[in-house]
Visitor: 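Submitted below is the structure of interest, expressed as structure tokens.
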Amino acid sequence: MTVSGLTIAAIMGILLLVFIFSGYYLFAALGGVAILSGLAFWGPGVFQTVYFSIFKYCKDYNLLAVPLFVLMGQLLNQSGVAGRLFDNLSVALGRQRGGMAIAATLIAILFAATTGIVGASVVSMGLLFVGPMLDAKYNKSLTAGVIVSGGTLGILIPPSIMLVFMGSAANVSVGQLFYGAIVPGLLLGAAYIKIVAVVKKDYAPPMPAEQLARYSRKQVIWGVIVNVLPVALVIFSVLGAIWLGWCPATEAAALGVVASFLIALLTHSINAQVIKKTLIESIKLTSMVYAVSAFGNLFVTVFMRLGCSNAVTNLFVHLPLGKWGLFALMMAVVFLLGFLMDWIAVCMITIPIFVPIATAAGFDACYFLTMMAIIMQTAFLSPPMAASIFYFQGVAKDRITTAETIHGIWPFMALQVLVFVLCILFPQIVTWLPGHMIG
């Protein structure tokens with residue numbers, strides 16, 4: 001009996017969700033469903049596909065940027081640069097209302113971009129910022145909103161390993177994705193800072209005058225020069241190298257690693273222990289991404305070999321929804337999955353199915369993927385199920401309740417929805433910069 005592609009697609013989708021929610025690792029769920037479905041509907045030939053799937057991702061040149069960006073972020077994080085950045089920016093902005101929150105937002109976005117894993121970003125930033133902000137009499141909900149929103153926004157701000165992963169999975173230029181996401185990401189970052197600037201004075205008070213008096217103007221300026229400018233130069237040099245066409249994302253990531261190491265070396269922040277911890281954490285994160293990528297590719301290969309991709313694409317394209325109706329439906333699915341899974345799982349499940357549908361409907365692939373990234377970032381922040389809330393509560397529950405955290409997130413959620421709608425009404429927000437890249 002011949003089984004239709006839609007039926008097989010439904011079986012594979014249900015099996016995948018069952019495996020994931022049963023507690024299996026994502027790579028095991030993807031690989032297990034692919035092998036079981038391949039054996040049932042294809043035959044023993046699926047085992048040969050396992051080898052080629054893993055080999056393909058081991059030699060994927062674009063994905064080589066992932067371990068390099070992870071290493072860059074871990075070098076900056078483990079060497080204590082994040083802590084020094086926070087101290088210096090807090091003092092430099094201390095005379096204005098919300099200065100410490102603005103510093104926390106900027107640093108959370110910066111380090112989340114290079115860490116690439118929402119949970120790791122929110123936890124590390126929570127450990128670093130919660131105590132000092134609450135000790136400075138910041139409102140608890142505002143503190144939670146700033147840290148959680150900044151930690152999740154980092155996956156949208158280049159150089160983000162999520163964008164590298166998405167570009168590789170969809171065979172789209174990583175450099176174009178970087179520049180497509182810059183303007184929406186900066187709009188959100190600026191809006192976050194604006195929220196801090198207009199809250200009640202007692203929600204985000206200026207740093208006490210006696211504390212500011214400990215630092216001379218010269219010390220403040222020197223602290224910014226030594227700790228803030230070098231990190232900014234690392235990020236801008238990576239993006240600038242891509243923009244000017246000097247090198248693609250992979251080589252730019254290598255430049256970022258060298259620059260990060262030099263910063264740690266020149267600030268006397270590097271030693272054997274820091275190098276060891278940096279390498280261990282980088283290997284852990286990279287191994288996870290590569291394992292999910294390899295077995296995710298196996299899942300996609302089997303899915304396409306069994307005719308599921310064409311069947312689902314034809315079903316979606318022929319729905320009486322129109323171009324934007326299809327767009328809304330796909331984004332709703334991405335949003336719901338983002339509620340429940342990390343971005344790697346969402347990408348592996350949706351990109352092979354949705355990108356062909358989007359291009360068939362007339363959407364530019366770079367634009368569609370950027371909008372996916374925005375809606376995923378929104379889902380990771382959305383109460384009450386967002387994992388980022390529970391990551392934050394794991395390090396802040398003794399001082400900030402879950403209700404206070406959710407209350408602090410809503411204003412940032414509203415801004416995310418606003419920027420998403422603006423990108424629909426004015427697609428040039430996403431498409432203008434990629435269209436002007438020199439490389």
Visitor: Do any side-chain atoms of residues 369-377 form donor-acceptor pairs under 3.5 angstrom with protein atoms, and if so which ones, sequence neighbours left out?
Guide:
{"residue": "Thr370", "atom": "OG1", "partner": "Cys366", "partner atom": "O", "Å": "2.8"}
{"residue": "Gln377", "atom": "OE1", "partner": "Gln416", "partner atom": "NE2", "Å": "3.3"}
{"residue": "Gln377", "atom": "NE2", "partner": "Thr152", "partner atom": "OG1", "Å": "3.3"}

Visitor: Please, which pairs that meet side-chain hydrogen bond (donor to acceptor under 3.5 Å, both in side chains) have at least one residue in residues 326-336, sequence neighbours excluded?
Guide: none
Visitor: List for me each residue that meets side-chain hydrogen bond (donor to acceptor under 3.5 Å, both in side chains) alongside Thr401, sequence neighbours excluded, and say none if there are none.
Guide: Glu404
Visitor: Take Phe412 and Leu188 through the side-chain contact (heavy atoms from CB on, under 4.5 Å) test and state the conclusion after the steps.
Guide: CA-CA 9 Å; Phe412 297 93; Leu188 282 170; over 6 Å; no
Visitor: At their closest point, which heavy atom of Met12 faces which heavy atom of Ser37, and how far apart are they?
Guide: CG-OG, 3.3 Å
Visitor: Test of understanding: with ring pair (Phe, Tyr, Trp, His ring centres under 6.0 Å), list the residues that count as partners of Trp324, not counting sequence neighbours.
Guide: Phe327, Phe363
Visitor: Rounded to the nearest 0.5 Å, what separation is found between the CD1 atom of Ile182 and the CG atom of Leu177?
Guide: 11.5 Å
Visitor: The criterion is side-chain hydrogen bond (donor to acceptor under 3.5 Å, both in side chains); which residues satisfy it with Glu251, sequence neighbours excluded?
Guide: Tyr61
Visitor: What heavy-atom pair brings Ala144 and Ile400 nearest, and what distance separates the two atoms?
Guide: CB-CG2, 4.3 Å
Visitor: Test of understanding: with ring pair (Phe, Tyr, Trp, His ring centres under 6.0 Å), list the residues that count as partners of Phe368, not counting sequence neighbours.
Guide: none
Visitor: Please determine whether side-chain contact (heavy atoms from CB on, under 4.5 Å) holds for the pair Leu298 and Phe295, giving the CA-CA distance in whole Å, both sets of side-chain angles, and the decisive distance to 0.1 Å.
Guide: CA-CA 5 Å; Leu298 173 63; Phe295 285 98; 4.2 Å; yes
Visitor: Taking side chain as C-beta onward, heavy atoms only, is Phe303 less than 4.5 Å from Ile8?
Guide: no
Visitor: Apply side-chain contact (heavy atoms from CB on, under 4.5 Å) to the pair Ser149 and Leu381, showing each step before the final yes or no.
Guide: CA-CA 7 Å; Ser149 61; Leu381 193 60; 3.9 Å; yes
Visitor: Thr7: which residues meet the side-chain hydrogen bond (donor to acceptor under 3.5 Å, both in side chains) condition with it, sequence neighbours left out?
Guide: Ser4
Visitor: Under the rule for side-chain contact (heavy atoms from CB on, under 4.5 Å), what residues qualify as partners of Ile429, not counting sequence neighbours?
Guide: Val183, Pro184, Leu187, Leu422, Cys423, Phe426
Visitor: Hey, which of Leu30, Val33, Ile14 is the one that makes side chain to side chain contact (heavy atoms under 4.5 Å, CB included) with Phe19?
Guide: Val33
Visitor: Got a second to check how far Ser173's OG is from Tyr179's OH, nearest 0.5 Å?
Guide: 11.0 Å
Visitor: Could you grab the distance from atom OH of Tyr367 to atom OG1 of Thr431, nearest 0.5 Å is fine?
Guide: 8.5 Å
Visitor: Taking Pro356's backbone N and O only, do any of them form a donor-acceptor pair with Thr359's side chain (distance below 3.5 Å, no angle check)?
Guide: yes
Visitor: Ignoring hydrogens, what is the shortest heavy-atom contact between Ile406 and Trp410? Give both atom names and the distance.
Guide: O-CD1, 3.2 Å
Visitor: Can you run down the salt bridge (charged side-chain N to carboxylate O under 4.0 Å, His left out) pairs that involve residues 125-135, sequence neighbours left out, and say none if there aren't any?
Guide: Asp135-Arg399
Visitor: Which residues pass the side-chain contact (heavy atoms from CB on, under 4.5 Å) test with Pro67, sequence neighbours left out?
Guide: Leu64, Thr286, Tyr290
Visitor: Where is the tightest heavy-atom contact between Ser282 and Thr278, given as atom of each residue plus distance?
Guide: OG-O, 2.7 Å
Visitor: Can Val130 and Phe392 be said to form a side-chain contact (heavy atoms from CB on, under 4.5 Å), step by step?
Guide: CA-CA 10 Å; Val130 168; Phe392 178 77; 3.7 Å; yes
Visitor: Any idea which heavy atoms bring Val148 and Ile409 closest together, and the distance?
Guide: CG1-CD1, 4.0 Å
Visitor: Atom NZ of residue position Lys137 - does it have more than 12 heavy atoms of other residues, nucleotides or ligands inside 6.0 Å?
Guide: no
Visitor: So do Val146 and Tyr138 actually touch side chain to side chain, heavy atoms under 4.5 Å?
Guide: no
Visitor: From Thr301 OG1 over to Arg305 CZ, what is the distance, rounded to the nearest 0.5 angstrom?
Guide: 11.0 Å
Visitor: Going by heavy atoms in the side chains, are Tyr192 and Ile102 under 4.5 Å from each other?
Guide: no
Visitor: Report yes or no: does Ser168 contribute a side-chain atom to a donor-acceptor pair with the main-chain N or O of Phe165 at less than 3.5 Å?
Guide: no
Visitor: May I ask you to test the Phe299-Leu16 pair for a side-chain heavy-atom distance under 4.5 Å?
Guide: yes
Visitor: Working to the nearest 0.5 Å, report the span between CE of Met133 and CG of Leu142.
Guide: 6.0 Å
Visitor: With Lys284, which residues qualify under side-chain contact (heavy atoms from CB on, under 4.5 Å), at least two apart?
Guide: Ile280, Glu281
Visitor: Determine the minimum heavy-atom distance between Ala365 and Val172, stating which atoms define it.
Guide: CB-CG2, 3.8 Å
Visitor: Name all residues meeting the side-chain contact (heavy atoms from CB on, under 4.5 Å) criterion together with Leu329; count only those two or more places apart in sequence or in a different chain, and write none if there are none.
Guide: Phe316, Leu319, Leu321
